[in-house]
Structures are given as C-alpha cells and as structure tokens.
Q: 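If you scroll down you'll find the structure; I have some questions about it.
Chain letters run A, B, ... following the sequence lines, proteins first, then strands; residues in each count from 1.
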Amino acid sequence: MKPRRILVTAALPYANGPIHIGHLVEYIQTDIWVRFQKLRGHRCIYICADDTHGTAIMIRARQEGRGEEELITEMQRQHERDFAAFDIQFDNYGSTHSPENRRLCGEIWQSLRAARLIVEDDVTQLYDPQAQTFLADRFVRGTCPRCRSAGQYGDNCQKCGATYRPSDLIDPVSTLSGATPEVRTARHLFVQLNQLHDFLVEWTQSGRHLQEEVANYLKGHFLHEPLRDWDISRPAPYFGFEIPDSPGNYWYVWFDAPIGYLASTQQWCDLHGERLDDWWRSPDTEIHHFIGKDITYFHTLFWPGMLKSSGFNLPTKVHIHGFLTVGGEKMSKSQGTFVMASTYLQHLDPAWLRYYYAAKLGPRLDDLDLNLDEFAAKVNADLVGKVVNLASRTAKFVETSGLSPVYPDDGGLFQQAAAAGELIAEAYENCDYSRAMRLIMELADRANPYVEAAAPWNLKKDPAEADRLRDVCTVALNLFRQLAIYLAPVLPRLAEQTGRLLNDPITAWRQSQIPLTGTPVARFEHLMKRVDPKDVLAMIEDSKPAEAAGQTPQFQDSDQPLRDEPIAETCSIDDFVKVDLRVARVVAAEAVPDARKLLKLTLSLGGDQRRTVFAGIKQAYEPDQLIGRLVVMVANLAPRTMKFGVSEGMVVASGPGGSDVFLLGVDAGAVPGQRVH
RNA sequence: GGGCCCGUAGCUCAGCGGUGAGAGCAGGGGACUCAUAAUCCCUUGGUCGGGGGUUCGAAUCCCUCCGGGCCUACCA
C-alpha cells in the first residue's frame, strides 16, 4: 500500500479555561486516529494550537489585572501539560497568537479581497463606556422587548425565544461593568459568503467530506437560501490581529482561529525542514478536521470558503462528534461531573478514559455518555480481566527461557486474530472505534480459554514438560501482543510496556501478522491497575465546588445568577405599585399541543374571577401537578394575543428557563385574590 | 412544525433480506488456583417498541403509530 500523507487537526481549545473531560473526547478520538495512521505506516501529523483571541480573553486578562499574553501563555502551558498526561501527542501545538498566524491571516485576507468577497457596512452595537468596548450579544443583559422578562441575553430571549438585536433590549446592562451601554455605530467588514454558494453546495453534498447527517443539516438549514454575509471584523479594543488595510479593526476570533491550523503546520514545517505547500496545497495530502458539533457551521461553510478562495486544500473530511454527558446528563459542576483533566489525573489512570471513550465512540454525531459504573466495569473486565491477564498469568513462566524459537501449533488462534486485523483497521479508519474495540475483545475472549486448557501452571510442575510450557506461554504472549498492537492507538503505554516485556518494540500494525519468537522475556511488571470505584467517587467529590463538598452546611450560594442578570436600575415605590401582583389558584392547566414551552392555565382570583394565562413552563411542570396550587400572577398586565389565544397576565417564576423554571408560591394562609405588597 | 438518529436479553450494544436471534457485563450453578477476588465451563433470560404492507422468506426493506435523543423553527 502506498503511504498516504495525512494532516489531522483537532479543534483549538480556547485559552479561557482548562481542559475538562468533555474536551478530551475530541483530543483522544483524534489522537487514536493519528496513532492508528502512523502505526499503519502512513505519514501523518497531528496539528493543534491554543485559540487565544477575542473579547473573553481580553476581559478576563483585565479582570485579573494582567496582560493577555501572560494569560494565554499560562493557559497554554496548562493545556499542553494536560494533553501530554493523557498521552495526546501532537506533532505541533501552536497558538493563534503567533507571527505565523498573523502572516497567514494576512495572506488569506488578501485572497478574499482579491476575490472581491469583502464588503463594508455599518453595524450598530451596544458599547460599554466604562469598559470601553463594544459588547458582544452575550455580554449584554436586559429585559426582553417582547415578553418583558428580565435578564435576557442580547440576541434572544431564553423565556420567549424571541430574537432581536441587543439594542432592542429594554434597560440593557453590560455584564462586564454593570454600566448602561450606549448605542454606537462602527464600520465592520464582511465576507460575502453567498458568492461561494454554488461551490459550498457542491462541496458539502458530494465527495463524502461530511457525515451524511451533517450534509443534510447544512442543506436544510443554510444552503437552501442565500448565505448571510459574515461579519469578520471587530473594532478596537480587541485582543487579536489588527487588519492591515483597515486600521482600528481586528479580525474576529473565528477568522483567525481555523487559520491557526495552517500557522501551526507552518511552525512544524519550519522545525522539520518541510514546506507548507506540500501539506496544504498538494493533491497528495489529505486534511482531516475533528471537531464537535457545536462548531459545525464554521468548519463546513466559512472555512472551506476561506480555503477555496485562497487556493489551499479543502478538507478531505470533517469528522464531527457529539458532546459528552456524564450519567446521562450534561456535565454539572454542582454534581461533580464537570471533571477537569487535571482532577481526573489525580485519581485515575488516563488509559482507562482512553479505552472507555474508544469503546463508546462511533462514526456518528451521537452524544457520548460516560457512565461511571460502566466505566469501571468495562475497564476491569476488558482490559484487566481479559487482555492484561493473558500476560500476567504466563509471562513469569518464561522469564528464564524466553519465547520458543519456532512458533508452536496454537490451533489457528494467531492466524485468526491476524486475519481480523484488516477488519479492525477498517473500523479505526472509519472512526468506528466501538466496533474496533468489540472486535479486539472477541479475540481476547478466545485467548483465555487456550491458556485455561493448556494449564501452564501444571506443566511447570513437571520438568519433562519444560518445552511444552514454553510453547504454551509463547502462544499466550503472542496472542497478548497481537491485542496490544491492535490496541496501541488507544493504549500507547500498554504497547510500550509490551514491547519491553517481550524485547521487541511495537512500532507497526503489521507486527500483528507475524508471531514473535526467540526473544528473551523481561521480568513481569504490572501492566494496568484495576479501577477502584472508590477512586472514581473521590474524583467526583473533588470536582464538586468547595461549598458543596464542605461538611458543615454553609449558605454559600453561587454568585452566578447575579452575574448572569445584574440587579436592575433603581425604581421608586410608585414604579413598583404599578405592577399588581395577586395570589391566584390554578383551576385548570393543559399543555398547548403545538407549543413546546407553553401551558394554558386558568387562574382563579377568587369568586368567579378567572384569567387565562399562557405560561412558558411546559418543560418544567406537569399540568396535573399545578391544578389547585397557588401561584403569583401579574394581574394588571395588558392582555396579549398569542397564536393560541389571548394571555391575560403572567405567572411569575425564577430561573433561566427551559426545564429550570421555578414558580413562586406563597406560604400557607394566603388566598386567591390577595395582593402582593 | 421541519431535519437527523435511536428504540433487539436486567445493563451496554452487535446483527440491517436467508441456517432455530447474538456478544460482553450482570444473575444462577459448577471447575480451577498460574493471574490484579482475575480465568474457564454450563446456564437463566428476548411478542427484535406497536400495527400494517412488500417478499418464498423481515429484527433486517416500505408505510404508519407510540416512545426517547440531538438539532432547528415558530409562538409567547
């Protein structure tokens, strides 16, 4: 087979936070693929970098009272340390804040200019006069202009789903400084991506560059209509690169981030005497991006557009994976499932996570669930019980004799496992690691009965059986070594240890096809510890916020809600009494069939006073559990006609929305109709 | 409302038109004692979500319904 030339990237982690186990899904997935390709004898390089620019970094550096460069340098050190500890081996790990990146951004920019893709337009945005910066949507909070719920982000309302511009918000507040933002207009630069519409349809819908469901998604959601212009500049101050021909404007972080792939490759080329064009402008190179589904849009539309316009290779394939859940739920800080890589390392072996992820990862975008019980069971049963056990039960019998000079008859076991190699390789190639792991474990399941039947511990007792003993162990250790080779992309350390044990380093997939004979066998050392569920629990405890883990109950409530939604401007008592809050009893409640969030409530204010209210609490409450209970409603709110009928008020509740909505109740004794003062 | 995916043994999943539906784990019984309470043998367990259709033949293809997930839209 002709060696392929393959360049692989994983998404660039943002320099605003440490690596956690959710990130690791991607870097491990990618690392396995790269190691597999290398083992198969292909030229393959794994390129990554820190993503360092943008408002968030600038703000954080300011808050911490230091320069951005200091911040990103430290974060990068942490990232690289964590990756290395998980055996994620990059060929080059760069930074988007590098001279190489600045140069390449300029080059691509010129290409976009030359292709007449860049236009200018005024953008009206909110500006924080105190922080002296324009505010991205998520840095503004205010009252939704449609449903009047407070504390909504600048682009859409969590409560009613309305979309609007940040300047439409009522009483907007900057989350950076708490100041009231001003409306300001600035000149922005845009890429007219729609000029590449035909190309993008062609590229996304053909050639298997994308998983099928991704291609369908793009077709249905973006490509069926003209693509909007992409705003790729930000006015100063902004931490990033200033646009050379547009002083005072900076490239938006999502412009320079993917170019970081090129820049990091450039660094690698400079270190290894290679040419960038051999990797990014050559029909002989494959480019594979691994990303999470959240950034699909950037990598499948903008990025190919940028590459196309500037004459670089297009991605051969963009491999997209889902998110990590833990125990079937989103990672949660309070539950201790938001586990940092560094916390994991304090308690558990990185090999375990690599194997578990591999056993769960398929070629699709499905979310991957880390179930902690399954994690321990699987690692212990598969790796320790089956695989490593093969070596630990036989190696010491041949410490003095070494492996037999001729590979003995094993009833075809080695040949069968060798033959399975191509299937396993195909599964790796297709990112179907769960299938690969299954196939490998099937082999392991056949190897242990062989040892059982041959009973080397009995042979050992009879000196006349010395040759037979050595043969049996030679078979067992060869079957073990085959597994170690097949698992090498996932478990590089096990492969190394196996190489040392049998005095023949594992460097190539094809070593799985020929039995190893005649080598000395080193003194056996433990290859892998079992998972102790206690350690898993300790890791979870360690991941809980300090206040949650404390023994004495302290009321250390998080400051997050206030940060999300700062306290509104002072109002007078007169303002307050304008709002007539009343206790009301829910006398009927039903789901609105066509609405995802709405329940239709009939509220009684006592007597025969009834109000119909549509409340966005469907995801949080069952209609049945509401009937009869007392709630607090805004009784003098102007009626509003909705698609499903007229809403004659609103019930008050706290929480960010969705299933996290908490209705206000009243203590016992209150009756419907009473005003809340 | 639209798109995609998934519903197969208690759990995780394989099988995706053709011998009586499988594996691992868990459960039950036995064996062994070399090995990290590992291993080996036997075994319990399933209307393959429901219903219709195509076919000589369907878990496997088509339709429909139910349930779950992810994404997206609308409505407030």
Q: How is L365(A) classified with respect to the nucleic acid when contacts are heavy atoms under 4.0 Å: base, sugar-phosphate, or nothing?
A: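 Nothing: the residue L365(A), judged by heavy atoms under 4.0 Å, touches no strand.
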Q: Could you give the CD-to-C1' distance, from E213(A) to G3(B), as a whole number of Å?
A: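 Rounding to the nearest Å, CD of E213(A) and C1' of G3(B) are 11 Å apart.
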Q: Between U19(B) and C65(B), how many Å separate the two C1' atoms, rounded to a whole number?
A: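 The answer is 34 Å between these two C1' atoms.
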Q: Using a 4.0 Å heavy-atom cut-off across all strands, classify K386(A) as base, sugar-phosphate, or nothing.
A: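 Since only primed, P, OP1 and OP2 atoms lie under 4.0 Å of K386(A), the category is sugar-phosphate.
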Q: How long is the line joining CZ of F375(A) and C1' of G24(B), in whole Å?
A: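 Rounded to whole Å, this separation is 18 Å.
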Q: Strictly distance-based, threshold 3.5 Å: is any side-chain N or O of N636(A) a donor or acceptor partner for the main-chain N or O of D580(A)?
A: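 Here the side-chain-to-backbone pair exists.
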Q: What does N448(A) touch in the nucleic acid at a heavy-atom separation under 4.0 angstrom: a base, only the sugar-phosphate, or nothing?
A: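 Sugar-phosphate contact only.
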Q: On a whole-Å scale, what distance lies between the C1' atoms belonging to A21(B) and G45(B)?
A: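 Result for the C1' pair: 13 Å, nearest Å.
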Q: Could you write out RNA chain B as a dot-bracket string, with dots for unpaired bases, | for bases paired across to another strand, and Watson-Crick or G-U pairs counted at under 3.5 Å?
A: ((((((((.[[[[.)..(...]]]].(((((.......))))).....[[[[[..)....]]]]])))))))....
Q: Please state the P separation for the pair G29(B) and G68(B) - nearest whole angstrom.
A: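 G29(B) and G68(B) have their P atoms separated by 38 Å.
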Q: Is it true that a side-chain atom of Y450(A) and a backbone atom of D410(A) form a donor plus acceptor pair closer than 3.5 Å?
A: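 No, because the side chain of Y450(A) does not come within donor-acceptor range (under 3.5 Å) of the backbone of D410(A).
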Q: Are the side chains of L370(A) and Y356(A) in touch, meaning some heavy atoms are under 4.5 Å apart?
A: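 A side-chain contact under 4.5 Å exists here.
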Q: Quick one: is the NZ or CZ of K330(A) closer than 6.0 Å to the six-membered ring centre of F323(A), and within 45° of its axis?
A: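 No, cation not above the ring by the 6.0 Å, 45° rule.
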Q: Should W352(A) and M528(A) be marked as a side-chain contact (heavy atoms from CB on, under 4.5 Å) after you check the CA-CA gap, both sets of side-chain angles, and the distance that decides it?
A: CA-CA 9 Å; W352(A) 300 339; M528(A) 188 177 291; 3.7 Å; yes
Q: Round to a whole Å and report the spacing from CZ of R438(A) to C1' of C25(B).
A: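 In whole Å, C25(B) C1' lies 14 Å from R438(A) CZ.
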Q: Would you mind classifying the nucleic acid contact of D445(A) as base, sugar-phosphate or nothing, using non-hydrogen atoms under 4.0 angstrom?
A: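 Answer is sugar-phosphate: D445(A) comes under 4.0 Å of backbone atoms only.
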Q: Base, sugar-phosphate alone, or nothing: which one does K360(A) contact when heavy atoms must sit under 4.0 Å apart?
A: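 Sugar-phosphate contact only - K360(A) comes under 4.0 Å of backbone atoms but never of a base.
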Q: Nearest whole Å is fine: how far is U39(B) P from N389(A) CG?
A: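 Result: 6 Å.
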Q: Taking only side-chain nitrogens and oxygens of R364(A), does any of them come within less than 4.0 Å of OP1 or OP2 of C6(B)?
A: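 Result: yes.
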Q: Check for me whether the distance between the ring centres of W303(A) and F298(A) falls short of 6.0 Å.
A: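 Ring centroids of W303(A) and F298(A) are no less than 6.0 Å from each other.
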Q: Going by heavy atoms in the side chains, are F222(A) and L200(A) under 4.5 Å from each other?
A: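 SC-SC contact between F222(A) and L200(A) ruled out.
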Q: How far does CG of L487(A) sit from OG1 of T498(A), to the nearest 0.5 angstrom?
A: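 Rounded to the nearest 0.5 Å, the CG-OG1 separation comes out at 9.0 Å.
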Q: Looking only at atom C1', what distance separates A9(B) and G49(B), rounded to whole Å?
A: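 15 Å, rounded to whole Å.
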Q: If the C1' atom of G3(B) is compared with that of U55(B), how far apart are they to the nearest Å?
A: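 Each nucleotide's C1' atom is 31 Å from the other's.
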Q: Write down the distance between CG (D366(A)) and P (C70(B)), rounded to a whole number of angstrom.
A: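 Taking atom P of C70(B) as the reference, CG of D366(A) is at 11 Å.
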Q: If I pick the C1' atom on C11(B) and the same atom on G1(B), what distance separates them, to the nearest angstrom?
A: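 The answer is 36 Å between these two C1' atoms.
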Q: When you compare U8(B) with C48(B), how far apart are their C1' atoms, in angstrom units rounded to a whole number?
A: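 Between the two C1' atoms, the distance is 4 Å.
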Q: For K396(A) and R435(A), find the nucleotide of RNA chain B closest to each by heavy atoms; which residue's nucleotide sits nearer the 5' end?
A: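 Looking at the nearest nucleotide for each, R435(A) comes out on the 5' side.
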Q: How many whole angstroms separate atom CG of L423(A) from atom P of G15(B)?
A: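 Distance, rounded to whole Å: 12 Å.
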Q: Heavy atoms, side chains only, cut-off 4.5 Å: are F36(A) and I424(A) in contact?
A: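 The answer is no; the side chains never approach within 4.5 Å.
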Q: Taking atom C1' in both A14(B) and C75(B), compute the distance separating them and give it to the nearest angstrom.
A: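 Per the computed distance, 43 Å lies between those C1' atoms.
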Q: Less than 6.0 Å separating the ring centroids of F302(A) and W254(A)?
A: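 Between W254(A) and F302(A), which both carry aromatic rings, the centre distance is not below 6.0 Å.
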Q: Between U12(B) atom P and L368(A) atom CG, what is the distance in whole Å?
A: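 My rounded result for the distance is 14 Å.
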Q: What residues from residues 449-479 of chain A pass a heavy-atom cutoff of under 4.0 Å to RNA chain B?
A: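 Close to the strand are P449(A), E452(A), W457(A).
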Q: Rounded to whole angstrom units, what separation is found between the NZ atom of K378(A) and the P atom of C13(B)?
A: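 My rounded result for the distance is 9 Å.
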Q: Side chains of R610(A) and S604(A) only: does a donor on one sit below 3.5 Å from an acceptor on the other?
A: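 Judged by distance alone, the side chains do pair up.
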